[in-house]
Every structure is written in structure tokens, then in C-alpha cells.
Amino acid sequence: MAKKKFKDVIQHSEEAVLVDFYADWCAPCQTMNPVLESVVNELGGKVKLYKLNVDKNPQVSLQFGVRSIPHYILFKRGKILWRKGGYMTKRELLQQLKGFVV
């Protein structure tokens, strides 16, 4: 994944973009996958999910100060609206995101 493409996605998307900073070896990241997909589906296209592997994109992780995973950042036209690290329940994540996209 080229850095340019990531920048394009977060800056030019009409919808908000939820970036999931993860790694293949991270168990909590795996646990969050169905939660993330479920929340994005429930928000009905108002949020796009973008998965970013921190092992393959260390410079992007550094740029956004991501020191632990899983970590989520919600962007809208390049601006950070919200960020949070760690495991969340579907209900928590849905409540957090609804304030920004509905």
C-alpha cells in the first residue's frame, strides 16, 4: 500500500473514513474485525473502513502517533474527527461514531 493512496483515501473521500491500524499477529485486532464490519454496515455507508497494517506502513503509524494497536482514527477530508485505541464493544464504537456521521 503506497503512502500516496492512503493520503488520497483520507483526504478525498466524501464519507468519513475509519482507519483501523492493525497487525496480523495482534489478537485484539482480530477480535475487533467482526465488530468493525458490523458497525460500518449499521452506519449504512456513512463511514468507510480502511485497514492499515502497521508492520507494512510504519511511517504512517508514526505520522499519526499510533503506538499501540488496535487503534482507530476517524478522518473526514483529511481532518481527524476522533481517535481511540484498544478493544471496544460494538455498542461503544457505534455510539462514538454516530456523533460524527449522523
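- For the atom pair OG (Ser38) and CG (Leu94), the distance works out to 8.0 Å, reported to the nearest 0.5 Å.
- The closest side-chain heavy-atom distance from Thr89 to Val35 is not below 4.5 Å.
- The shortest heavy-atom contact between Met32 and Pro70 is CG-CG, 4.4 Å.
- Note that CD1 of Ile73 is 9.5 Å distant from CG of Leu18, once rounded to the nearest 0.5 Å.
- If you take CE on Met88 and CG on Leu93, they are separated by 5.0 Å, rounding to the nearest 0.5 Å.
- Remark: aromatic rings of Tyr72 and Tyr50 are distant, center separation not under 6.0 Å.
- Under the 4.5 Å side-chain criterion, counting only non-hydrogen atoms from C-beta, Leu52 is in contact with Val60.
- Lys84 is linked by a side-chain hydrogen bond (donor to acceptor under 3.5 Å, both in side chains) to nothing, counting only residues two or more places apart in sequence or in another chain.
- Contact annotation: the side chain of Asp20 never approaches that of His71 to less than 4.5 Å [non-hydrogen atoms, C-beta and beyond].
- Using a 4.5 Å heavy-atom threshold, the side chains of Phe75 and Phe64 count as touching.
- Lys51 forms a cation-pi arrangement with Tyr22, by the criterion of a distance under 6.0 Å to the ring centre and an angle within 45° of the ring axis.
- Applying the disulfide bond (SG atoms under 2.5 Å apart) test to pairs two or more places apart or on separate chains, those with a residue in residues 13-69 are Cys26-Cys29.
- Inter-residue side-chain proximity for Lys98 and Leu43 is flagged as met; some heavy-atom pair is nearer than 4.5 Å.
- With contacts defined as side-chain heavy-atom distances shorter than 4.5 Å, the pair Gln96/Trp82 qualifies.
- Linking ILVMFWY residues whenever their side-chain heavy atoms come closer than 4.5 Å, directly or via other members, leaves Leu62 and Phe6 in distinct clusters.
- Listed here is the closest heavy atom pair of Ser13 and Arg77: O-CG, 4.1 Å.
- Side-chain N or O atoms of Lys76 include one that pairs as donor or acceptor with a backbone N or O of Glu14 at under 3.5 Å.
- Nearest heavy-atom pair across Lys7 and Gln63 is CE-NE2, 4.4 Å.
- Classification of Lys46 and Glu15 as a salt-bridged pair fails, no side-chain N sitting under 4.0 Å from a carboxylate O.
- For the pair Asn53 and Asp55, the tightest heavy-atom approach, listed with the atom from each and the gap, is OD1-N, 2.8 Å.
- Counting all heavy atoms, side chain and backbone alike, Val47 lies closest to Val40 at O-CG1, 3.4 Å.
- Atom CG in Leu36 sits 11.5 Å away from atom NZ in Lys90 (nearest 0.5 Å).
- When atom types are taken as modelled, the side chain of Gln30 and the backbone of Asp24 share a donor-acceptor pair closer than 3.5 angstrom.
- Contact of the Ile80 side chain with the Leu74 side chain is not registered, since no non-hydrogen atoms from C-beta on lie closer than 4.5 Å.
- Contact annotation: the side chain of Leu49 never approaches that of Val19 to less than 4.5 Å [non-hydrogen atoms, C-beta and beyond].
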